[in-house]
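All remarks here apply to the structure that follows.
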Amino acid sequence: MTDQEKEQAGQIEKKTATYLWWQRGIIYQVYPRSFMDSNGDGVGDLAGLISRLDYLRWLGVDAVWISPLYPSPMKDFGYDVADYTAIHPLFGTLADFDRLIGEAHARDLKVILDFVPNHTSDQHPWFLASRSSRDSPKRDWYIWRDPGAGGGPPNNWLSCFGGSAWEYDPHTEQYYYHAFLREQPDLNWRNPAVLEAMLNVLRFWLERGVDGFRVDVLWHLIKDHQFRDNPPNPSWREGIDPYQKLIPLYTTDRSEVQGVVARMRRLVDQYKDRVLIGEIYLPIERLVQYYGVELGGVHVPFNFQLLLTKWHARDIARIIGEYEAALPKRGWPNWVLGNHDRPRIASRVGPAQARLAAMLLLTLRGTPTLYYGDEIGMRDVEIPPEKVQDPFEKNVPGRGLGRDPERTPMQWSAAKNAGFTAGEPWLPIAEDYTQVNVEAERDDPASMLTLYNQLIKVRRGESALEVGQFEPMETGEDLLTYVRSDQESAFLIALNLGPQAQVVNFSNKASEGRITLSTYLDRSGDGVRGELELRAEEGLLVRLTDESRSESSA
């Protein structure tokens with residue numbers, strides 16, 4: 001590193017020193033089964049992930065969040081945990097995990113582990129003991145109830161994966177509750193012994209150097225102690241996800257969950273520079289409650305609004321405004337564009353709009369989370385019925401609820417099986433892999449991967465973009481515009497989601513600017529005065545340059 005580069009790095013560090021790494025940084029989610037296979041068995045593993053850390057460093061992300069790696073019967077591909085303090089042999093060993101931590105940290109990459117506290121596998125020793133006898137010391141570690149008045153389930157609670165959430169156990173003549181698969185019995189988080197056992201799990205991984213946790217289905221942890229029936233959903237119609245037939249009033253988002261979250265946070269805070277992230281699919285006004293009293297809850301309650309909203313400029317502007325307004329004082333925002341449970345962004349909105357989505361994600365205020373493969377424009381892959389793996393699809397076939405299409409192997413090159421494996425991949429490879437892959441796009445100056453890489457490069461070290469203020473501008477039918485600024489600099493972001501050219505007047509913010517980046521990657525350095533011309537489906541990132549800008553942002 002030259003003296004000039006060292007000086008620039010020192011200036012960047014000084015400017016952002018008041019913010020934590022997870023506030024300034026970018027999180028990248030890896031679905032480990034599908035990222036990189038090192039041994040030819042068709043399933044990704046830790047050694048494969050380690051071999052691709054240099055790619056993540058080149059891309060410019062700051063942390064890798066890894067979906068579950070624990071020993072599991074794989075009924076729900078690792079979200080049915082049989083041992084919370086070990087690694088499934090499919091992925092490697094604890095030694096491999098320790099090596100991952102060391103190799104990642106050597107590259108200034110943080111490692112975030114998926115934590116699955118709501119339920120275990122029915123093969124977990126805790127549950128095997130619990131179902132062995134009504135007198136078992138572990139009986140109350142899970143949720144057991146006598147049959148209902150008519151001899152059936154205790155109440156009307158439904159499984160997210162279809163059917164009743166109650167499974168009858170003939171041996172002990174009671175039902176146990178499972179919010180997901182019957183092979184995933186829910187733990188009883190009202191039992192203090194369960195809480196202590198799970199806090200010990202967090203300690204185990206924190207001591208190994210994990211930089212944080214993404215907590216699975218956090219809003220599910222506590223259930224109604226009176227076991228009241230959930231009310232019917234008046235807006236449900238035939239053909240909609242059957243789980244939505246009832247409003248989960250008594251099975252999710254119970255007020256007592258906040259005490260559990262606070263305990264987790266206090267533990268994590270005993271370790272330096274760690275982050276606690278919550279998976280919470282709730283409306284904004286309820287989501288923000290998970291920041292906790294005086295911000296003593298999760299650091300980051302995942303904000304999934306971009307996954308759920310209609311892809312129209314006015315709708316996006318509305319949810320940004322509602323979210324910013326609902327944040328508690330000093331609550332740090334975040335945005336998620338894709339994950340292992342939702343269709344990929346390029347399939348939802350199309351390739352051109354996916355480029356706009358990339359610019360949106362990486363210029364909004366708050367921590368962005370990328371899903372592996374979105375940076376190269378991967379799309380959902382149609383899965384033939386005989387190759388379906390996801391239990392959700394198998395439980396409610398034909399409804400399009402399966403998650404396999406967005407979990408297909410990462411496309412590294414045009415080699416056989418996209419360079420993912422030398423064996424038979426566990427899910428089919430996309431047909432477009434010979435064009436849509438890292439190797440091809442890294443050398444293409446106009447590719448999606450180049451766009452992501454350039455956006456991340458621009459964002460890094462620009463405190464206006466990393467941690468600066470957010471100011472919305474007027475939104476049109478197809479036009480979304482806003483300004484990110486701090487005391488030193490400001491950027492105008494203009495996104496044209498429509499099929500016609502648009503003109504943005506920014507004279508009320510500044511009279512001059514210079515184009516930093518276009519989503520087409522063919523405009524950079526051009527000066528603009530007062531007005532900005534956008535082509536169809538183009539996004540522009542413009543550095544505002546004149547003195548009137550700094551006055552307006554002060």
Side-chain angles (χ1 to χ4, degrees), residues 30-33 35 39 41 43-50 64-101 111-133 136-143 167 169 176-189 191-218 220-221 260 264 267-268 276 279 340 389 391 426:
V30 163
Y31 194 69
R33 295 182 68 91
F35 197 61
N39 60 9
D41 66 359
V43 177
D45 48 44
L46 283 169
L49 172 54
I50 292 168
V64 54
W65 151 35
I66 312 170
S67 293
L69 298 160
Y70 312 104
S72 164
M74 293 293 172
K75 296 294 184 180
D76 191 21
F77 299 110
Y79 285 94
D80 50 322
V81 179
D83 183 348
Y84 283 103
T85 55
I87 298 294
H88 195 297
L90 193 66
F91 301 122
T93 65
L94 270 175
D96 291 324
F97 183 81
D98 292 341
R99 186 162 69 92
L100 168 68
I101 294 288
V111 176
I112 298 170
L113 196 59
D114 224 308
F115 177 49
V116 189
N118 180 69
H119 46 264
T120 70
S121 165
D122 62 354
Q123 299 305 303
H124 195 292
W126 296 346
F127 187 71
L128 294 177
S130 182
R131 79 185 310 176
S132 66
S133 165
S136 167
K138 290 285 195 297
R139 186 66 170 183
D140 192 46
W141 281 44
Y142 294 83
I143 300 171
E167 181 72 11
D169 178 54
Y176 67 85
Y177 176 75
H178 58 94
F180 297 91
L181 295 175
R182 67 170 179 265
E183 294 91 353
Q184 293 171 295
D186 279 40
L187 285 159
N188 176 18
W189 274 84
N191 184 333
V194 170
L195 174 58
E196 286 304 318
M198 296 306 268
L199 291 177
N200 283 334
V201 170
L202 294 179
R203 288 188 186 95
F204 176 87
W205 294 107
L206 288 164
E207 292 292 337
R208 298 194 94 88
V210 165
D211 299 289
F213 301 94
R214 174 267 192 186
V215 186
D216 186 59
V217 296
L218 183 59
H220 273 265
L221 292 190
V260 172
M264 291 182 187
L267 172 62
V268 170
L276 192 63
E279 183 200 25
H340 61 294
Q389 302 285 346
W426 79 286

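Because only heavy atoms are used, hydrogens play no part in the values below, and waters and symmetry mates are left out as well, while side chains stay in.
Judged purely by atom type and a 3.5 angstrom limit, S121 has no side-chain atom pairing as donor or acceptor with the backbone of V81. The main-chain N or O of P71 is never found under 3.5 Å from a side-chain atom of D83 such that the two would form a donor-acceptor pair. Checking side-chain atoms of S132 against main-chain N and O of A129 turns up a donor-acceptor pair under 3.5 Å. Of the possible donor and acceptor atoms, none in the side chain of N188 sits under 3.5 Å from a partner among the backbone N and O of I143. Side-chain atoms of W126 do not come within 3.5 Å of backbone N or O of V194 as any donor-acceptor pair.
A donor and an acceptor atom, one from each side chain of Y142 and T120, are located under 3.5 Å apart.
Counting all heavy atoms, side chain and backbone alike, G212 lies closest to V210 at O-CG1, 3.0 Å. When every heavy atom of V201 is checked against every heavy atom of F115, the shortest pair comes out as CG1-CE1, 3.8 Å. Summarising the geometry of I87 relative to W205, their closest heavy-atom pair is CD1-CH2, 3.9 Å, with the distance given to 0.1 Å.
In this structure, K75 does not pair ionically with D80, as no charged nitrogen and carboxylate oxygen lie closer than 4.0 Å. The pair D98-R208 meets the salt-bridge criterion, since a charged nitrogen lies less than 4.0 angstrom from a carboxylate oxygen.
To the nearest 0.5 Å, atom OH of residue Y176 and atom CZ of residue R139 are 11.0 Å apart. Put simply, OG1 on T85 and CG on L202 are 12.0 Å apart, with the number rounded to the nearest 0.5 Å. The distance from the NE2 atom of H124 to the OG atom of S72 is 11.0 Å, given to the nearest 0.5 Å. Of the inter-residue distances, the one linking K138 atom NZ with N191 atom CG reads 9.5 Å to the nearest 0.5 angstrom. One finds the CZ atom of F35 at 12.0 Å from the CG atom of L46 (value rounded to the nearest 0.5 Å). Separation of atoms CH2 (W426) and CZ (R33) is listed at 4.5 Å; rounding is to 0.5 Å.
Between H340 and Y79, the distance from one ring center to the other falls under 6.0 angstrom.
Applying the 6.0 Å contact sphere to CZ of R203 captures more than 12 heavy atoms from other residues, nucleotides or ligands.
In terms of the side-chain hydrogen bond (donor to acceptor under 3.5 Å, both in side chains) criterion, residue partners of E279 (sequence neighbours excluded) are, by chain and number, R214.
Note: H88 and F91 have perpendicular aromatic rings, judged against thresholds of 30 and 60 degrees for the angle between ring planes.
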Note to self: Please determine whether ring pair (Phe, Tyr, Trp, His ring centres under 6.0 Å) holds for the pair Y31 and F77, giving the CA-CA distance in whole Å, both sets of side-chain angles, and the decisive distance to 0.1 Å.
What the structure shows: CA-CA 10 Å; Y31 194 69; F77 299 110; 7.6 Å; no
Between D76 and E183, does the side-chain contact (heavy atoms from CB on, under 4.5 Å) criterion hold? Intermediate values first, please.
CA-CA 9 Å; D76 191 21; E183 294 91 353; over 6 Å; no
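For the pair D96 and D45, the minimum side-chain heavy-atom distance is 4.5 Å or more.
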